[in-house]
Each structure stands twice: as structure tokens, then as C-alpha cells.
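Numbers for residues simply follow the sequence, beginning at 1.
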Amino acid sequence: MSAAAVRERCARIMVAAEAGRTPHFSWHEDKLDACADYVLGVMRKRFPDLDVPIHSRRRHFEAGGIDRWGELVAQRGLSGPEHAAERARIGIDLTIPSVLLDAGAGASWEYYDEAHHKGFSRSEGLGVASFDMFVNGAFATDKSEPLCSDAAALMQVAIDDVERGFQVDANNPLVGVEGRVKLLRRLGAVACINPDVFGAPARLGHLYDYLAAHAVDGKIPATLLLETLLHALGPVWPGRLAIGGVDLGDCWKHPCAAIDASDPTDGLVPFHKLTQWLAYSLLEPLADGGLEVTGLDQLTGLPEYRNGGLLIDFGVIAARDADLYTQALAVDHPAIVEWRALTVIGLDRLAERLRAKLGLDAAAMPLARVLEGGTWTAGRKIAAERRPGGAPPLNIVSDGTVF
């Protein structure tokens with residue numbers, strides 16, 4: 001239940017891969033440099049001055065070059081320093097449900113932003129749709145005060161609400177609607193049983209007050225942020241593997257992660273992808289409230305189909321059997337676990353190559369900026385060049401709670 005554990009277990013898979021002992025994929029370090037050059041090209045085109053923002057959900061709220069969050073703050077008169085704490089709470093209220101709704105949308109879904117007359121698909125579409133749902137009070141009990149996500153409203157979210165908010169119909173199908181609804185309901189229930197973190201009555205934005213109370217000189221370590229999220233929100237995720245009654249969330253089995261048969265964590269590989277994505281996405285709302293999150297590189301890269309697909313498309317990670325690219329693979333399949341583990345360590349190595357090419361250190365170009373600059377966009381770009389519709393190189397069967 002920590003980023004350190006993610007790196008440690010993924011590193012075990014990498015050691016096995018470099019020794020030729022992984023069953024599904026091989027690792028090709030010699031192809032990492034070409035991959036880094038491609039990412040660098042994408043980064044320089046998007047950010048010529050290398051002023052790369054944090055990889056976060058807020059980037060999706062800016063889809064189409066529209067600063068929806070900035071517009072909202074201005075419209076509601078929340079921009080002054082006297083509103084900093086409430087602005088942070090509202091940002092958290094928006095961000096947590098939006099991140100939970102950010103699992104893969106499927107190739108045929110699209111959201112039409114009526115206010116700006118633009119259509120968006122994939123993560124951008126999900127981001128804009130969830131933004132609009134929030135602004136319209138979908139997660140607030142008091143509809144006269146819509147900019148809030150409280151537990152009572154979240155527990156009442158229905159399938160119809162999400163289908164309506166995401167414009168789902170027979171011609172515009174969205175993957176995993178039921179899974180998303182269950183996540184939101186569980187989010188509300190979990191907030192209720194964590195009054196220390198979310199207050200009473202429970203509101204997601206009260207996470208700001210909890211973290212502010214634990215800050216030292218306005219700073220909190222990234223590890224504290226992640227571990228707070230893992231423990232406070234852990235029961236939100238579907239029950240899968242558990243130790244001592246604690247659900248482990250995005251954590252899976254792989255034979256190369258064996259350590260000691262007497263250890264209850266033997267063979268387990270944690271990723272906590274969505275929770276780490278949430279941690280990255282909360283950096284800006286917390287900053288709005290005057291809190292700085294330090295030690296960002298203690299968090300890991302996000303092992304999902306854009307970052308991991310980038311490494312496959314450049315041959316850095318290669319399937320031992322080409323049939324793997326055509327099979328439908330569940331998220332707990334050892335091949336998917338293996339690929340994700342190699343992606344975590346591969347992103348660390350790719351970040352080092354990029355920094356060396358740019359002459360920058362980790363403080364100037366942390367992993368959170370490498371991802372945005374960066375590997376996620378490069379993964380999408382190379383996928384579009386290689387396959388119709390930009391499909392990922394692996395066919396992953398997901399219930400909407402991992403990818």
C-alpha cells in the first residue's frame with residue numbers, strides 16, 4: 001500500500017525480464033533511446049519552452065484549448081486569496097469523482113460539449129463530461145450549491161444519471177457504465193466511514209482540511225498524500241485480493257514476484273494506477289489552497305495502455321509470442337501484470353534518458369511532467385500512427401475500474 005512497494009515489486013519483474021525469465025515479454029534496453037527521442041520530439045512540439053505542466057485530470061478539463069476550471073472560478077467569484085481554501089475544496093470535489101470516472105471509454109464513445117460546440121472522445125471526453133456533471137450538481141445534495149461532492153449525493157448516483165451525463169445511448173456506447181456507478185456509490189459510502197478525513201457530514205473536499213492539518217510549513221510529502229488516499233479510499237475499489245481484511249485494490253499476482261511463501265504478500269505486484277493518477281491530479285487543487293506536495297518522484301509512472309503501449313510500439317517491451325497482441329486479456333492475466341510492471345520501471349529509465357538529453361535534473365523535470373510532456377501523449381500519438389483509431393497494442397478487457 002505504498003509507491004515504494006510498487007517500485008520494489010515491479011523491479012523484481014524487471015530483473016527477471018533482463019535475465020530472460022519472464023514468461024510473456026522480453027525487455028530491450030537498446031531501443032529505449034529511440035523511444036526517448038520520440039517522446040522528446042512530442043514534448044518540444046507541445047511545450048517549446050519546456051514549461052511542462054503536471055500530468056493531471058485538470059489537463060482534460062482544458063480539452064479544446066478551453067480553460068473550463070479558470071472560467072468556473074471567475075464566474076463564481078472564487079479567484080481571490082480569501083477563497084483559497086474553498087477553491088481547493090471545490091477542486092477536490094471535482095477531481096476525485098472525475099478521476100474515478102476516467103477508466104477507458106472505448107473506441108466508439110464521444111461527448112459533445114454543447115457550451116463550446118465541440119466533440120471529445122476518450123479521456124478528454126470523460127473529463128469534460130464529468131466536469132459538466134459536477135457543475136450541474138450531479139454530486140451535490142443541495143442543488144442550489146452545486147459545486148460540491150458530498151457522500152449522501154454520491155451514494156444515490158444511478159445508472160441513468162451517468163448515462164445521461166455521459167450522453168450514452170445505443171449509438172454512443174460507453175464501456176463499464178455499471179462499474180463507474182458502483183465506484184461513485186462506494187466513494188460516498190467510504191467517505192461516510194472516514195470522518196477524520198472527509199468530515200461529518202462527509203464531503204470529499206474536506207480532504208484539504210485533513211491534509212492542511214498535517215502540513216509542515218505548508219508542505220506535505222507525496223508519500224503521505226498517496227498513502228492517505230490508498231487507506232481512505234481503498235474500499236472504493238472492487239474486492240479482489242485482500243490481506244487481513246484490507247482490500248489491496250490495483251494489486252495482482254505474478255510468479256516472478258515470489259519472495260517467501262510464508263510472507264502474505266508473496267507473489268503480489270501492486271500498481272495503484274488510478275490512486276496515483278488521483279494523487280497527481282490533486283496537486284493543483286491543493287496548491288490552490290496553499291499546500292505544496294513535495295517529493296513527487298516518490299510516486300511512480302502510471303502503468304496503463306498509453307505509457308505501456310508506447311514501450312511496446314517502440315519494441316522496448318516485446319511479446320515472446322505474437323499471438324499475445326490479438327488475444328483478449330483480463331486485467332489480472334499474468335501477461336498484463338508483467339507488462340505493467342515493466343512499464344513502471346521503464347518509465348523511470350525513460351525519464352532518466354529524457355533528463356540527460358535536456359540537461360535537466362529530476363527537480364526541474366519530475367516524473368509528473370515527463371508523463372504529461374511526455375510519454376502519455378507520445379503513446380497516444382504512436383498508437384494512432386500504428387493502428388486504426390489509435391487502439392492500444394494489447395486488447396485489455398476491463399470493468400472500468402483499472403484502465
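A salt bridge does not link R180 with D102: none of the charged nitrogens is closer than 4.0 Å to a carboxylate oxygen. Taking 4.0 Å as the cut-off between side-chain N and carboxylate O, E29 and R353 count as a salt-bridged pair. Note on R58 versus E62: no salt bridge recorded, every NZ/NE/NH1/NH2 to OD/OE distance being 4.0 Å or above. Under a 4.0 Å N-O distance rule, the pair D33/R349 does not qualify as a salt bridge. E124 and R380 are joined by a salt bridge, as a carboxylate oxygen and a charged side-chain nitrogen come within less than 4.0 angstrom of each other. We find that D348 and R355 are not joined by a salt bridge, their nearest charged nitrogen and carboxylate oxygen being 4.0 Å or further apart. At a threshold of 4.0 Å, the pair D209-R89 counts as salt-bridged, since one of the basic side-chain nitrogens sits closer than that to a carboxylate oxygen. One finds no salt bridge joining D332 and R240 here, because no Lys/Arg side-chain nitrogen approaches an Asp/Glu carboxylate oxygen to under 4.0 Å. Between E178 and R185 there is no salt bridge, since no side-chain nitrogen of the basic residue lies less than 4.0 Å from a carboxylate oxygen of the acidic one.
No donor-acceptor pair closer than 3.5 Å links the side chain of Q298 to the backbone N or O of A222. Using modelled atom types, no side-chain atom of N172 and backbone atom of V168 make a donor-acceptor pair closer than 3.5 Å. A distance-only check finds no donor-acceptor pair linking the side chain of D297 to the backbone of P366 [under 3.5 Å]. No donor-acceptor distance shorter than 3.5 angstrom exists from the side chain of R340 to the backbone of C10, with no hydrogens or angles considered. A donor-acceptor pair is defined here as one N or O able to donate and one able to accept, closer than 3.5 Å; such a pair exists between the side chain of D161 and the backbone of A158. With hydrogens and angles disregarded, a donor-acceptor distance shorter than 3.5 Å links the side chain of H206 to the backbone of F198. D217 places no side-chain N or O within donor-acceptor distance of the main-chain N or O of K219, the cut-off being under 3.5 Å. Not one N or O on the side chain of D150 forms a donor-acceptor pair closer than 3.5 Å with the backbone of L204. D250 places a side-chain N or O within donor-acceptor distance of the main-chain N or O of K273, the cut-off being under 3.5 Å. Side chain of R44 to backbone of P48: no donor-acceptor contact under 3.5 angstrom is found.
Taking all atoms of both residues into account, the shortest heavy-atom contact from H231 to P235 is O-CD, 4.0 Å. Pairing each heavy atom of S149 with each of D93, the nearest pair is OG-O, 2.7 Å. Shortest non-hydrogen contact noted between A3 and L299 is CB-CA, 4.0 Å. Nearest heavy atom pair, residue I336 against residue V331, reads CG2-O, 3.7 Å. Taking each heavy atom of A279 and L226 in turn, the nearest pair found is CB-CD1, 4.5 Å.
Ring planes of H60 and W376: tilted class, angle from 30 to 60°. A perpendicular orientation is assigned to the rings of H254 and H24, their planes being inclined by more than 60° (bins at 30° and 60°).
Annotation: F166 is not in aromatic contact with Y111 [ring centroid separation under 6.0 Å not met]. Taking the ring centroids of H272 and W252, they lie at or beyond the 6.0 Å cut-off.
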Item to check | Candidate pair N307 and T343, rule side chain to side chain donor-acceptor pair (under 3.5 Å), full reasoning | outcome: CA-CA 7 Å; N307 291 320; T343 295; over 6 Å; no

Checklist entry - So S79 and R87, side chain to side chain donor-acceptor pair (under 3.5 Å) or not? Walk me through it. => result CA-CA 8 Å; S79 56; R87 193 165 62 244; over 6 Å; no

Checklist entry - Stepwise, does the side chain to side chain contact (heavy atoms under 4.5 Å, CB included) test hold for L283 with E292? => result CA-CA 8 Å; L283 299 180; E292 178 188 353; over 6 Å; no

Next on the checklist: Assess the residue pair R9 and T265 against the criterion (side chain to side chain donor-acceptor pair (under 3.5 Å)); give the C-alpha distance rounded to whole Å, side-chain angles, the decisive distance to 0.1 Å, and a yes or no.
Outcome noted: CA-CA 10 Å; R9 291 302 168 91; T265 71; 2.7 Å; yes

Next on the checklist: For a side chain to side chain donor-acceptor pair (under 3.5 Å) check, start with the C-alpha distance between R57 and S98, then their side-chain angles and the critical distance, and finish with the verdict.
Outcome noted: CA-CA 8 Å; R57 191 57 161 157; S98 183; 2.8 Å; yes

Item to check | Evaluation steps, salt bridge (charged side-chain N to carboxylate O under 4.0 Å, His left out), between D132 and R68 | outcome: CA-CA 10 Å; D132 288 348; R68 292 173 180 79; 5.4 Å; no

Item to check | Intermediate values then yes/no, salt bridge (charged side-chain N to carboxylate O under 4.0 Å, His left out), R203 and E86 | outcome: CA-CA 12 Å; R203 174 189 176 184; E86 184 60 14; 3.0 Å; yes

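Atom CD1 of I54 and atom CZ of R369 lie 4.0 Å apart (nearest 0.5 Å).
Using modelled atom types and a 3.5 Å distance limit, the side chains of S121 and E110 yield no donor-acceptor pair. Of the N and O atoms on the side chains of E372 and T377, not one donor lies less than 3.5 Å from an acceptor on the other residue.
In this view, D67 satisfies the side-chain hydrogen bond (donor to acceptor under 3.5 Å, both in side chains) rule with no residue, not counting sequence neighbours.
In this structure, K357 places its NZ atom where more than 12 heavy-atom neighbours from other residues, nucleotides or ligands lie under 6.0 Å away.
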